[in-house]
*Asks:* 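Once you've had a glance at the structure underneath, I'll fire off some questions.
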Amino acid sequence: MKHIQKMKLLFVVAILCSIWTITTFAYTVPEIVHIGLSNIGSAITLSNKTITIGAEENGVYVSGGILQSDKGFTFAAGSGTYGAITQYYDSYEAAKQQANTIKNALPAYTGGGKWQLYVSGMTGDQLRQKTGLPTENVASVSNMILIQTNGKTIALTNNITPQFGAANSDDNIITINNKQYRGKIQPTRVNGGSIVPVNAVSIEDYLYGVIPCEMSPSYAPEALKAQAVAARTYAVKKIDMKVHTEKGYDLCDGTHCQAYKGKEAEYPETNSAVDITKGLLIYYEGEPIESVFFASSGGYTENSEDIWTAPLPYLKAVPDVYEVDTNIWKKQFTAAQLTNLTSAKGDNIGQVTDLVISKISLGGRVQELKIVGTKGTKVLTKLQISSYLSGIPTKMFTINGKGSGAKTTVTMNVAQSATPITTPVMTAPETTTPNVNIPSMTEDSIADNYVIGSDIQAVANLQSFHAETNTIGNTSVVMPQTTLPDISMIPTTLPDFNTPDTTTSNITSPATKAQNVTVTAASTGAISTNNGTGVFIIEGKGNGHGAGMSQKGAQGMALQGNDFLTILHHYYTNVTIQ
C-alpha cells in the first residue's frame, strides 16, 4: 500500500512539474510600447479639448492633472534662459494662479504629480533678487517642451518626457493631426533635437493598429490569429534589439518595424484576432524569436542565412504549397538597358553580353547572379540582386527559362475538404463581429510589399490536442491549474508513459490524401541565360524575402482547416508558442 501511495505521489509531482514547465517562461511582455509616428508629420496638434498631463515614472504613468482648451493643443521646443522658483504645487491651477502674479512666469510640470514656476529671461539669482523667493537656475532646457493653445504658451515641461491623454474619452482615444490613436501622445526630444511625436500605447492596442496594415482583414480568422502572434513576437523582439532607442522610442510606424496606423486602421476581425491570442509569443529556447514574415514564398520558404547572414535555427526553408491567388510576374531587360544600368551605377564592365546564374538556394531563389560584360563582370549576391535590378519582387525567378534549380519531390498531405477548426487554447472567446465592407488591400508586409504563389494547395496533418500534457502538437499551452489533484482519486494503475495520449478535444482535421509535390532545390554552377536575342526575360512568382511565415501561405492553410498554431509551426521551426 505504501508503495502505491509513493507512486501516486510521484505521479502528482510529475504532473505539477509538467505544468510548471509550461507556465514558467521568465520573459515578460512589455505592457506599454512607444511608437515613433513618422507618418503624421513633425508638428503635433491635438484636437482633444480636455487632456491629461503626466509622465511615465519607473514604468508607471503618474498624472499631473488636466489641461483644458476649446482650441486644442500644440507643442514647441523650448529654449532660452529660465529661473525656477523652488516651491511645488499639487495642481496646474494652483501653479497658474501663482504664475499670474509674476511676469513671464509659466507653470512647469516637473514630474511626480508636482508643478513649479519657471520664469523666462532671467537666471535663478536674478529671480531671487526680484521676488525674494527661494529659486534655482534651470541648468538645461535641451528637452523642454512648451504646451501651447491658440498660439499662446500655457505651460511647459522640462527634464521629463511628458505624456498627454484624452481626459474626456471613455475609450482613451486621442486625436493627433486629425488621426485617432489609442493610448497617449508623448512629444519627445532627445539631446536638444526637434520634437518627435511618439504614441505610448499598450502592446495589444498597438497590435489593433498593426494587423490590418500587415494582412487584409478579409483573410480567414486562423490566418489573422497567426499574424497577430507573429506580429506581437516581432514587436517584442525588435524592442529587445533597441533598434530605435537613440531616437526616443521603441518602434517606428513603418515597415522597418511594422506598419502601424492607429485607431483608424482597425477592423473588428483583426481586433478579434489580437484579443483571442492575447499575450501569446513564439519562443525558441525560452527567448522570443525574430518572427519575420512576408507576402508570398512562391512555393518554398528560405533559410535565414540564404537571405541575410546569420543562420537562425527557427528560420529554416520549408516546402510551401499552401498559397492562394498565385501571382506570376515578369520583367524584361535588353542587353543595351543592362549596359546603361551598370554604367550608371559606376560598374564599367563594357557591353553586357550575358546574365549568368551561379548559385541557387534550397528554396529555389537565385543567390548569385553575374552580369557579364566585354570588359568585366559584376557579381550580385542575395539582396543585392533585387535592389540592383530595379526592385524585382523576389529572387524566385528564371531568366529566359533557365535557372529554376534542380527538382525535388516532397510528399505532402493534401486536404480533401475544408473543415473549420476550434482551437481550445484561447484566452477569450471569439466574439461575433458585425458585417463590414472590407476594401481590397495591397499586401503590405514587414519586408516592403511582398506577395504570392503556388499551383497546389495542401495541408499538413494536424496533431492531436493532448489534454493531460497541455500541448497541441509540439506547442506548449498556458493552462494554469490552481487546484492540486486529490491523491486518493488517482487510479492505482498508472498510465503507460511510452504510449502516446490520443485524447482529443475540440479539433476536427480535414480529410487528407498523400500527394507528391515537385519543388526546386539548391544548386551551384554557371547557368548562361543568353539565348542570342539580346533580351533577358525574368519570370518569377512570389513576393518578399522568403524567410518565416508566408502570409498567402497562412491564408491557404487556414482555408483548408488548419488552426493558427499549426500555421505558425509550419513556418517557424522547433518553436514553442506560449
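Everything numeric in this text was worked out from a predicted model, so none of it was measured.
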*Asks:* Can you name the residues that form a salt bridge (Lys or Arg N to Asp or Glu O under 4.0 Å) with Glu56, not counting sequence neighbours?
*Replies:*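 Salt bridge (Lys or Arg N to Asp or Glu O under 4.0 Å) list for Glu56, sorted by chain: empty.
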*Asks:* Is the shortest side-chain heavy-atom distance between Lys382 and Gln367 below 4.5 Å?
*Replies:*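 Result yes, sub-4.5 Å side-chain heavy-atom pair found.
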*Asks:* To check you understand the geometry: which heavy-atom pair defines the closest contact between Glu269 and Pro217, and what is its length?
*Replies:*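 Where Glu269 meets Pro217 most closely, the heavy atoms are CB-O, 3.8 Å.
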*Asks:* Within this structure, what is the CD-OH distance for the pair Gln551 and Tyr219, rounded to the nearest 0.5 Å?
*Replies:*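 So the gap between those two atoms works out to 6.5 Å.
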*Asks:* Is the Tyr284 ring parallel, tilted or perpendicular to the Tyr314 ring (thresholds 30°, 60°)?
*Replies:*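 Plane angle between 30° and 60°, so tilted.
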*Asks:* So, for Thr394 and Gly544, which heavy atoms are closest and what is the spacing to 0.1 Å?
*Replies:*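 Scanning both residues, the minimum pair turns out to be OG1-O, 3.5 Å.
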*Asks:* Going from CD on Glu305 to OG on Ser361, what distance comes out if it is rounded to the nearest 0.5 angstrom?
*Replies:*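 Going from CD on Glu305 over to OG on Ser361, the span is 10.0 Å.
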*Asks:* Just by distance, no angles: are the side chains of Asp563 and Thr566 close enough, under 3.5 Å, to form a donor-acceptor pair?
*Replies:*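 The criterion, which ignores hydrogens and geometry beyond distance, is satisfied for Thr566 and Asp563.
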*Asks:* With sequence neighbours left out, what residues match Thr301 under side chain to side chain contact (heavy atoms under 4.5 Å, CB included)?
*Replies:*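 By the side chain to side chain contact (heavy atoms under 4.5 Å, CB included) rule, Thr301 matches Phe294, Ser297, Val318, Asp320, Tyr571.
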*Asks:* Do Phe397 and Glu539 make a side-chain contact, defined as non-hydrogen atoms from C-beta onward lying under 4.5 Å apart?
*Replies:*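 No; the side chains remain at least 4.5 Å from each other.
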*Asks:* Within a 6.0 Å radius of atom NZ on Lys316, are there more than 12 heavy atoms belonging to other residues, nucleotides or ligands?
*Replies:*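 Correct, the count exceeds 12.
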*Asks:* Tell me, do Thr188 and Tyr249 make a side-chain contact under 4.5 Å, heavy atoms counted?
*Replies:*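 When only atoms from C-beta onward are counted, Tyr249 and Thr188 do not touch, as no gap falls below 4.5 Å.
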*Asks:* Using salt bridge (Lys or Arg N to Asp or Glu O under 4.0 Å) as the criterion, list what pairs up with Lys237, not counting sequence neighbours.
*Replies:*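 Expected list: none.
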*Asks:* Within this structure, what is the NZ-OG distance for the pair Lys247 and Ser38, rounded to the nearest 0.5 Å?
*Replies:*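 It comes to 9.0 Å.
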*Asks:* Quick one: side chain to side chain donor-acceptor pair (under 3.5 Å) partners of Ser202, sequence neighbours excluded?
*Replies:*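 Applying side chain to side chain donor-acceptor pair (under 3.5 Å) to Ser202 gives Asp205.
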*Asks:* Would you find a donor on one side and an acceptor on the other, under 3.5 Å apart, between the side chain of Thr233 and the backbone of Val229?
*Replies:*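 Pair found, side chain donor or acceptor close to backbone of Val229.
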*Asks:* So, do Tyr283 and Val575 sit near enough that their side-chain heavy atoms are less than 4.5 Å apart?
*Replies:*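 Result no, sub-4.5 Å side-chain heavy-atom pair not found.
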*Asks:* With a 6.0 Å cut-off (strictly less than), is the heavy-atom count around CD of Glu246, excluding the residue itself, greater than 12?
*Replies:*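 Counting other residues, nucleotides and ligands, CD of Glu246 exceeds 12 neighbours.
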*Asks:* For Gln180, give me all partners under side chain to side chain donor-acceptor pair (under 3.5 Å), at least two apart in sequence or on another chain.
*Replies:*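 Once residues adjacent in sequence are excluded, Gln180 has no partner under the side chain to side chain donor-acceptor pair (under 3.5 Å) criterion.
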*Asks:* With sequence neighbours left out, write down each residue that passes salt bridge (Lys or Arg N to Asp or Glu O under 4.0 Å) with Lys179, or none if nothing qualifies.
*Replies:*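 Salt bridge (Lys or Arg N to Asp or Glu O under 4.0 Å) list for Lys179, sorted by chain: Glu264.
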*Asks:* For residues Ile239 and His34, determine if any side-chain heavy atom of one lies less than 4.5 Å from a side-chain heavy atom of the other.
*Replies:*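 Contact flag for Ile239/His34 side chains = no.
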*Asks:* Partners of Ala547 by side chain to side chain contact (heavy atoms under 4.5 Å, CB included), sequence neighbours excluded?
*Replies:*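 Only Val292, Ile307, Trp308, His545 meet the side chain to side chain contact (heavy atoms under 4.5 Å, CB included) criterion with Ala547.
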*Asks:* Testing the basics here: between Gly542 and Trp329, what is the closest heavy-atom pair and its distance to 0.1 Å?
*Replies:*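 Shortest heavy-atom contact: O-NE1, 3.2 Å.
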*Asks:* Any Lys/Arg nitrogen of Glu266 or Arg182 sitting under 4.0 Å from an Asp/Glu carboxylate oxygen of the other?
*Replies:*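 Arg182 and Glu266: salt-bridged.
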*Asks:* Residues in side chain to side chain contact (heavy atoms under 4.5 Å, CB included) with Ala235, at least two apart?
*Replies:*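 Per chain and number, Ala235 pairs via side chain to side chain contact (heavy atoms under 4.5 Å, CB included) with Tyr206, Leu251, Gln258.
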*Asks:* Apply side-chain contact (heavy atoms from CB on, under 4.5 Å) to residues Phe564 and Leu280 and explain how you reach the verdict.
*Replies:* CA-CA 12 Å; Phe564 75 97; Leu280 290 180; 3.9 Å; yes
*Asks:* As an exercise, state the distance from OH of Tyr61 to CD of Gln186, rounded to the nearest 0.5 Å.
*Replies:*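 Tyr61 atom OH to Gln186 atom CD measures 10.5 Å (nearest 0.5 Å).
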*Asks:* Can you name the closest pair of heavy atoms from Pro319 and His570 and give their distance?
*Replies:*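 Scanning both residues, the minimum pair turns out to be O-NE2, 3.1 Å.
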*Asks:* Under 3.5 Å, side chain of Arg232 to main-chain N/O of Val29, donor-acceptor pair present?
*Replies:*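 No: the side chain of Arg232 does not pair with the backbone of Val29.
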*Asks:* Of all residues at least two apart in sequence or in a different chain, which pass the salt bridge (Lys or Arg N to Asp or Glu O under 4.0 Å) check with Glu287?
*Replies:*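 Salt bridge (Lys or Arg N to Asp or Glu O under 4.0 Å) check on Glu287 returns nothing, list empty.
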*Asks:* Could you give the distance from CD1 (Ile577) to CG (Leu568), rounded to the nearest 0.5 Å?
*Replies:*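 Here the rounded value is 4.5 Å.
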*Asks:* Is atom NZ of Lys238 surrounded by more than 12 heavy atoms (other residues, nucleotides or ligands) closer than 6.0 Å?
*Replies:*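 Counting neighbours around NZ of Lys238, more than 12 heavy atoms of other residues, nucleotides or ligands fall under 6.0 Å, so yes.
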*Asks:* Got a donor-acceptor contact below 3.5 angstrom from the Glu323 side chain to the Gly556 backbone?
*Replies:*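 No; zero donor-acceptor contacts below 3.5 Å.
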*Asks:* Run the side-chain contact (heavy atoms from CB on, under 4.5 Å) check on Ile399 and Val366 step by step: do they pass?
*Replies:* CA-CA 10 Å; Ile399 305 177; Val366 176; over 6 Å; no
*Asks:* Less than 4.5 Å apart, side chain to side chain, heavy atoms only: is that true for Phe293 and Glu214?
*Replies:*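 With C-beta onward as the side chain, the pair touches.
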*Asks:* Quick one: does Asn199's side chain have a donor or acceptor within less than 3.5 Å of a partner on Ile35's backbone?
*Replies:*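 A pair under 3.5 Å: no.
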*Asks:* Which heavy atom in Glu222 sits nearest to a heavy atom in Ala558, and how many Å separate them?
*Replies:*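 Nearest pair, atom of Glu222 first, then Ala558: CB-CB, 3.9 Å.
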*Asks:* Decide yes or no on side-chain contact (heavy atoms from CB on, under 4.5 Å) for Tyr267 and Leu224, but give the supporting numbers first.
*Replies:* CA-CA 11 Å; Tyr267 282 88; Leu224 293 173; over 6 Å; no
*Asks:* How many angstroms lie between atom OG of Ser304 and atom CD of Glu290, to the nearest 0.5 angstrom?
*Replies:*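 Separation between the atoms: 9.0 Å.
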*Asks:* Quick check: closest heavy atoms across Ile567 and Ala226, and the distance to 0.1 Å?
*Replies:*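 Where Ile567 meets Ala226 most closely, the heavy atoms are CG2-CB, 3.9 Å.
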*Asks:* Could you tell me whether the side chain of Val198 reaches within less than 4.5 Å of the side chain of Thr161, counting heavy atoms only?
*Replies:*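 Answer no - side chains too far apart.
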*Asks:* Between Glu368 and Lys395, does any NZ, NE, NH1 or NH2 come within less than 4.0 Å of an OD or OE carboxylate oxygen?
*Replies:*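 No.
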*Asks:* Which residues pass the side chain to side chain donor-acceptor pair (under 3.5 Å) test with Gln384, sequence neighbours left out?
*Replies:*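 In terms of side chain to side chain donor-acceptor pair (under 3.5 Å), with neighbours along the sequence ignored, Gln384 is linked to Thr381.
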*Asks:* Holding to ring-ring contact (aromatic ring centres under 6.0 Å, His included), I want the full list of residues that pass it with Tyr388, two or more places apart in sequence or in another chain.
*Replies:*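 Applying ring-ring contact (aromatic ring centres under 6.0 Å, His included) to Tyr388 gives none.
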*Asks:* If the condition is side chain to side chain contact (heavy atoms under 4.5 Å, CB included), which residues does Ile176 pass it with, not counting sequence neighbours?
*Replies:*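 Partners of Ile176 under the side chain to side chain contact (heavy atoms under 4.5 Å, CB included) test: Leu37, Ile40, Ile44, Leu46, Ile174, Tyr181, Ile185.
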*Asks:* Measure the shortest side-chain to side-chain distance between Leu312 and Tyr572 over non-hydrogen atoms and say whether it is less than 4.5 angstrom.
*Replies:*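 Side chain of Leu312 against side chain of Tyr572, heavy atoms only: no contact under 4.5 Å found.
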